[in-house]
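Data first, discussion second: the structure below is written as structure tokens.
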Amino acid sequence: MTGPFGTEEVQLVTGWGRTAATAAKHLAPETSDDVRKALLHSEGHVIPRGLGRSYGDTAQSAGGTVVDCTGLDAVRLVDVAGGKVTVAAGVSLDALMRTLVPLGLFVPVTPGTRHVTVGGAIASDIHGKNHHHDGSFCDYVESMVLDLPDGRRLHLTPEDDAFWATAGGLGLTGVVVEATLRMRPITTSSMVVDSWRAADLDACMADLEASDAAHRYSVAWIDCLATGARLGRSVITCGDHAEVDDLAPRQRSHPLAFDPHSLLQAPQVAPPGLMNRATVRAFNEVWFRKAPRRRHRSVERISTYFHPLDGVRGWNRLYGPRGFLQHQSLVPFGQEEALRSIIERLAASGCASFLAVLKRFGPANAGHLSFPMPGWTLALDLPIGPPALGPMLDALDELVVAAGGRVYLAKDSRMKAELVPQMYPRLESWRAVQRELDPGGRLRSDQSQRLQLLP
Amino acid sequence: MIDALGNPQSALVLGGGSDIAVATLEQMAARRLRRVVLAGRNEGSLASAATRVEAAGCDQVATVHFDAVDAAGHDAAISDLFSQHGGFDLVLVAFGVLGDQGQAEVDGDEALRIVQTNFTGAATAMLAASRSLVAQGHGTIVLLSSVAGERARRSNYVYGSSKAGADALAQGLGDALHGSGVHVMIVRPGFVRSKMTEGMAPAPMSAQPAEVASAIVRGLEKRAEVVYVPSKLRYVFAVLRHLPRPIFRRLPL
Ligand SMILES: Cc1cc2nc3c(=O)[nH]c(=O)nc-3n(C[C@H](O)[C@H](O)[C@H](O)COP(=O)(O)OP(=O)(O)OC[C@H]3O[C@@H](n4cnc5c(N)ncnc54)[C@H](O)[C@@H]3O)c2cc1C
Ligand SMILES: NC(=O)c1ccc[n+]([C@@H]2O[C@H](COP(=O)([O-])OP(=O)(O)OC[C@H]3O[C@@H](n4cnc5c(N)ncnc54)[C@H](OP(=O)(O)O)[C@@H]3O)[C@@H](O)[C@H]2O)c1
């Protein structure tokens with residue numbers, strides 16, 4: 001159906017984990033004026049949506065309207081010398097990289113997939129492997145344009161409280177329609193990457209800590225099925241942008257070439273239980289053995305280093321019809337024992353996590369609900385199915401809260417509402433700004449309902 | 001909202017005094033359930049159910065009068081409950097009467113009571129609930145059906161056929177709602193030791209209400225369409241359903 005503000009129909013929506021589908025009217029505006037009209041003329045509650053890479057129910061709103069922002073895809077202004085770009089909020093980081101990497105500019109922060117929008121990156125204040133060094137996405141947003149449900153249009157800079165309520169604000173403060181970003185200058189589209197195995201959790205944490213200062217990017221992939229003396233065995237990779245001299249001679253003539261493509265397509269329908277303990281164990285074993293025992297240096301493409309999963313289109317379907325979830329937690333430095341308990345608990349639970357990612361965060365920014373703060377963050381991908389999963393995750397949440405940590409809301413699909421104020425002490429100040437931006441209470445997502453973010 | 005593991009935060013129970021329903025709510029309260037409306041005809045059983053559900057951790061529990069036999073009033077009653085309480089994640093259709101088979105064979109009123117409660121009432125209630133759920137864009141209907149509906153037996157075919165009717169309606173409704181965000185799950189227990197079967201000699205493979213409750217919680221997590229309790233009854237009834245009539249008739253069921 002074509003309505004006055006672009007296509008309009010009722011659709012079933014889920015996040016990347018493909019759980020808890022709900023139906024809502026789908027509006028697909030193509031310009032910021034369409035967005036304004038959509039907000040003013042739609043009835044009931046609304047939520048913006050980008051490329052749906054959040055794992056849970058943050059970009060859906062049952063019985064309301066989902067404003068799909070991916071049609072806002074114009075790259076408006078590129079200032080190569082100044083390293084700045086102004087884009088519509090539906091532009092994906094993939095599109096941004098394809099346009100700007102050949103010009104010598106890289107996104108300042110990239111998640112594990114290129115397929116997120118700038119609006120989604122702001123609303124989750126996403127982090128990358130460089131958080132310890134560079135901070136999170138909104139630290140590179142110079143300004144943004146925010147459309148409110150009552151028709152107001154705000155131009156925000158980091159001086160504004162509304163800016164930091166929108167950074168990590170989960171789409172609940174309005175629709176970001178445009179943003180100006182500071183990009184990172186690069187001289188090649190390659191990375192110099194050191195990788196090596198760590199035998200256990202202590203070695204892994206010590207190695208990550210030691211490499212923080214020397215490398216812009218760092219992360220450890222942990223085999224969460226290993227127990228006992230091998231608990232926390234992992235593969236560490238540290239990276240930095242390559243200079244032309246680092247490249248093989250034949251690559252030096254096109255140092256900024258960038259043309260990633262997906263090689264594989266996941267099957268449309270995967271059987272339930274494909275990702276079980278046995279298959280994950282086998283995968284983890286091969287993957288651990290394949291990694292170099294001692295520090296090994298290689299030169300990799302940006303896409304291989306940052307976005308290996310983008311090589312398989314629709315890989316989330318591999319988890320079968322029940323879907324999967326991600327649990328990403330953070331415990332402050334000094335709470336290493338809590339981190340160890342979490343990994344022990346997980347390994348003992350019998351729930352198979354297909355690769356867990358551990359990384360160190362640097363200082364927090366002013367985002368009221370931004371996830372990062374100094375500490376260790378652990379991300380687990382878990383298939384829905386084992387009966388122990390729910391109780392185990394509740395137990396992990398308790399450990400995290402007791403350690404003064406938090407769970408990443410952009411990934412959440414099942415947390416207890418009572419824990420949010422403990423994890424996010426600035427929730428009340430965020431609510432106060434949110435109420436000013438949306439006095440009519442129009443903005444609402446399934447997650448905001450589930451976690452009672454807006455009482 | 002229902003979370004990724006199928007846990008509801010709010011529930012409307014039609015037949016709120018049911019032992020199986022209360023056991024289910026107790027287990028859900030240990031997860032995410034906080035807000036419950038118990039709808040039924042008997043204030044005494046509703047009040048004691050409410051006490052148990054509150055003790056299990058639900059902080060908002062209300063009771064309301066609801067008669068399954070008043071099929072004509074279901075549309076209004078259910079849509080009012082949805083608007084008064086801001087919607088529900090789960091509608092649990094738990095009311096039912098076993099009735100007296102012998103009596104029903106000689107007295108039309110008894111047969112009517114059984115069929116009107118278990119079939120007509122369940123049909124109008126589920127259809128009314130489905131409209132409110134579709135409008136809110138999400139939710140689950142759970143019907144407490146019975147293996148007695150799998151194949152009508154000499155000993156309780158009035159009850160059995162009334163459950164079969166409700167079960168068939170729920171199957172069709174589940175298909176009709178596919179893609180709407182609303183899910184229908186049918187639960188087929190065998191003999192459960194509850195108020196309904198008080199004083200009866202338990203059949204083989206009998207279950208406690210708590211076992212039905214865990215099967216429901218687990219079924220919602222897996223987004224199951226049909227759940228048997230105990231689960232092996234699925235296979236028992238797959239066989240019984242296909243036995244030739246002359247043999248089936250002579251079984252002591
Ligand atoms: C494989 C994979 C790896 C990932 N790795 C990381 C990682 O390393 N670090 C990290 O931080 N995250 C990571 N993520 C999560 C992802 O970066 C975030 O969930 C991001 O917000 C998704 O952006 P999106 O465009 O898909 O937005 P959606 O998922 O569609 O929406 C996310 C949120 O943004 C809001 N939103 C979307 N558009 C707008 C807009 N125009 N204005 C206002 N609000 C809006 C929505 O309401 C919602 O609250 C990963 C996800 C996947 C699938
Ligand atoms: N127990 C078993 O062996 C078994 C097996 C398979 C399926 N089931 C089904 O499971 C469901 C729950 O049964 P249960 O075992 O929990 O028994 P229960 O405790 O007797 O529950 C049945 C409930 O239905 C209510 N009810 C009956 N007629 C009603 C009406 N006209 N209006 C409103 N409420 C009415 C009863 O209310 P009162 O409190 O007023 O009586 C009672 O609370 C039933 O549908 C039953 O058919 C039971």
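Because the structure is a prediction, the values reported are computed rather than measured. In what follows, chains carry the letters A, B, and so on, assigned in the order in which the sequence lines appear, proteins first and then strands, with residues in each chain numbered from 1.
- The side-chain hydrogen bond (donor to acceptor under 3.5 Å, both in side chains) search around B:Arg32 returns A:Asp394, not counting sequence neighbours.
- When heavy atoms are compared at a cutoff of 4.5 Å, A:Gln447 does not approach chain B at all.
- Applying the 6.0 Å contact sphere to CZ of A:Arg431 captures more than 12 heavy atoms from other residues, nucleotides or ligands.
- Summarising the geometry, atom CG belonging to A:Leu12 is positioned 8.0 Å from atom NE2 belonging to B:His178; distances are rounded to the nearest 0.5 Å.
- Heavy atoms of A:Pro321 lying under 4.5 Å from chain B are absent altogether.
- Smallest separation of non-hydrogen atoms from B:His138 and A:Ala62: CD2-CB, 3.7 Å.
- How far CZ of A:Arg322 is from CZ of B:Arg223: 12.0 Å, rounded to the nearest 0.5 Å.
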In residues 2-9 of chain B, what donor-acceptor pairs under 3.5 Å come from side-chain atoms, sequence neighbours left out?
from: B:Asp3; atom 1: OD1; to: B:Leu5; atom 2: N; distance (Å): 2.8
from: B:Asp3; atom 1: OD1; to: B:Gly6; atom 2: N; distance (Å): 3.2
from: B:Asp3; atom 1: OD1; to: B:Asn7; atom 2: N; distance (Å): 3.0
from: B:Asp3; atom 1: OD1; to: B:Asn7; atom 2: ND2; distance (Å): 3.4
from: B:Asp3; atom 1: OD2; to: B:Asn7; atom 2: ND2; distance (Å): 3.3
from: B:Gln9; atom 1: OE1; to: B:Met1; atom 2: N; distance (Å): 2.7
from: B:Gln9; atom 1: NE2; to: A:Arg450; atom 2: O; distance (Å): 2.7

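- Between chain B and the options A:Ala20, A:Ala24, A:Pro387, heavy-atom pairs under 4.5 Å are most frequent for A:Pro387.
- For a residue to count as touching a neighbouring chain, one of its non-hydrogen atoms must lie under 4.5 Å from one of that chain's; by this rule B:Arg31 touches chain A with backbone and side chain alike.
- By the 6.0 Å contact criterion, NZ on B:Lys195 is enclosed, its count of non-hydrogen atoms from other residues, nucleotides or ligands being greater than 12.
- Only the backbone of A:Ala21 comes within contact range of chain B, with heavy atoms under 4.5 Å apart.
- In terms of heavy-atom pairs under 4.5 Å with chain B, the best-connected choice from A:Arg18, A:Gln11, A:Met415, A:Gln60 is A:Met415.
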